[in-house]
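This report refers to the structure that appears directly beneath it.
None of the values given here were measured: they were computed from a predicted structure.
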Amino acid sequence: IIMNNNEYINAYKKTEQSMNSITSSHEVIRSLMKELVNSMKKIVIDIQDERDNINSFSTLNKESLKNKALKKSKNLSKSLSIIYGLQTCLDFDKALEIATNLFQLYEYCREQIIKGFIQKIEDGIIKAIDIINQIMEGWEEIPSVEK
């Protein structure tokens, strides 16, 4: 299909408009952090539910157990994927010390999530949630020009 000049111009305008509507990198990072906190909280709830309902597992059917396991692994996968995304967004060229510190904090959170998930202990994940919340608070204090 061959486009005429007006169609090219209209396609360009639509692309330009969609580019203008893309959120800033600051908003993307903030959204990722909020989603990370939400998925980590779900892991904590999953661990607590599993511990509280350990005796009722014998009465649950296989399908119910399968659904619970899928939900838990989805929350784990989502958390780890977001952390990986946050780590890959760090700019070591512009701010080596800050990027290195953030990378290490994200890595600590990742380790706590995996450890808590495997051992079914939520304490480390709760600490990781606090760390991400502190990073978000610090992020909010940066002037918008520097973000």
Side-chain angles (χ1 to χ4, degrees), residues 1 7 10-147:
I1 299 174
E7 290 172 321
N10 287 335
Y12 175 78
K13 286 181 180 176
K14 286 180 184 176
T15 303
E16 188 176 35
Q17 288 170 353
S18 68
M19 291 292 287
N20 292 334
S21 69
I22 293 175
T23 56
S24 72
S25 59
H26 167 255
E27 291 174 39
V28 171
I29 298 295
R30 187 175 57 209
S31 294
L32 284 172
M33 287 186 184
K34 284 182 181 179
E35 194 56 42
L36 174 58
V37 168
N38 287 337
S39 61
M40 289 192 306
K41 285 179 179 177
K42 289 177 184 176
I43 294 171
V44 169
I45 291 168
D46 291 341
I47 291 170
Q48 291 169 343
D49 285 349
E50 187 173 338
R51 187 180 51 242
D52 293 344
N53 298 320
I54 197 81
N55 295 327
S56 66
F57 279 144
S58 59
T59 60
L60 295 174
N61 62 31
K62 286 183 181 180
E63 195 63 32
S64 181
L65 286 173
K66 183 179 174 183
N67 288 338
K68 284 182 177 285
L70 285 173
K71 186 180 97 175
K72 283 174 43 181
S73 55
K74 180 182 174 187
N75 293 328
L76 174 69
S77 178
K78 188 174 191 176
S79 295
L80 297 178
S81 295
I82 292 171
I83 288 174
Y84 177 74
L86 290 169
Q87 286 177 317
T88 58
C89 289
L90 294 170
D91 191 341
F92 291 89
D93 294 330
K94 284 187 180 175
L96 179 62
E97 186 178 350
I98 293 171
T100 301
N101 289 339
L102 285 172
F103 186 91
Q104 290 172 344
L105 287 169
Y106 294 144
E107 190 63 19
Y108 171 81
C109 293
R110 186 187 70 79
E111 291 168 359
Q112 292 305 308
I113 291 167
I114 293 169
K115 181 179 174 185
F117 185 85
I118 291 170
Q119 296 178 354
K120 297 176 181 32
I121 300 170
E122 68 272 19
D123 296 346
I125 300 170
I126 292 169
K127 288 177 188 173
I129 290 170
D130 290 340
I131 289 170
I132 298 299
N133 281 328
Q134 288 175 24
I135 293 170
M136 281 195 298
E137 288 172 17
W139 190 257
E140 292 302 318
E141 293 174 11
I142 299 171
S144 59
V145 174
E146 296 178 30
K147 291 179 184 173

Can you tell me how far the [atom1] atom of [X] sits from the [atom2] atom of [Y], to the nearest 0.5 Å?
X	Y	atom1	atom2	answer
I43	I129	CD1	CD1	8.0 Å
L76	K42	CG	NZ	13.5 Å
I29	I82	CD1	CD1	11.0 Å
N75	L70	CG	CG	11.0 Å

For the student: nearest non-hydrogen atoms of [X] and [Y], plus distance:
X	Y	value
T100	F92	N-CE2, 3.7 Å
A128	Q112	CB-CB, 4.3 Å
S79	L36	O-CD1, 3.5 Å

Considering only heavy atoms from C-beta outward, does the side chain of [X] approach that of [Y] to under 4.5 Å?
X	Y	result
M40	V44	no
L102	L86	no
E107	R110	yes
Y106	I132	yes
I83	I113	yes
Q104	N101	yes

[X] atom [atom1]: more than 12 heavy-atom contacts under 6.0 Å:
X	atom1	answer
I126	CD1	yes
Y108	OH	yes
K41	NZ	no

- request: Start with the C-alpha distance between V37 and M136, add both sets of side-chain angles, then the distance that settles side-chain contact (heavy atoms from CB on, under 4.5 Å), and finish with yes or no.
  value: CA-CA 10 Å; V37 168; M136 281 195 298; 4.0 Å; yes
query: In this structure, which one of K71, K72, K74 forms a salt bridge (charged side-chain N to carboxylate O under 4.0 Å, His left out) with D46?
result: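 The residue from K71, K72, K74 that satisfies salt bridge (charged side-chain N to carboxylate O under 4.0 Å, His left out) with D46 turns out to be K71.
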- prompt: Has the side chain of S77 got a donor or acceptor atom that lies under 3.5 Å from a matching backbone atom of S73?
  reply: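 No; zero donor-acceptor contacts below 3.5 Å.
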- prompt: Can you list the residues that meet the side chain to side chain donor-acceptor pair (under 3.5 Å) rule with E35, with sequence neighbours excluded?
  reply: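 Side chain to side chain donor-acceptor pair (under 3.5 Å) list for E35, sorted by chain: K78.
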message: Apply side-chain contact (heavy atoms from CB on, under 4.5 Å) to residues I47 and I125 and explain how you reach the verdict.
response: CA-CA 10 Å; I47 291 170; I125 300 170; 3.7 Å; yes
Salt bridge (charged side-chain N to carboxylate O under 4.0 Å, His left out): pairs with one or both residues in residues 121-136, sequence neighbours excluded: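 Listed once each, the pairs are R51-E122.
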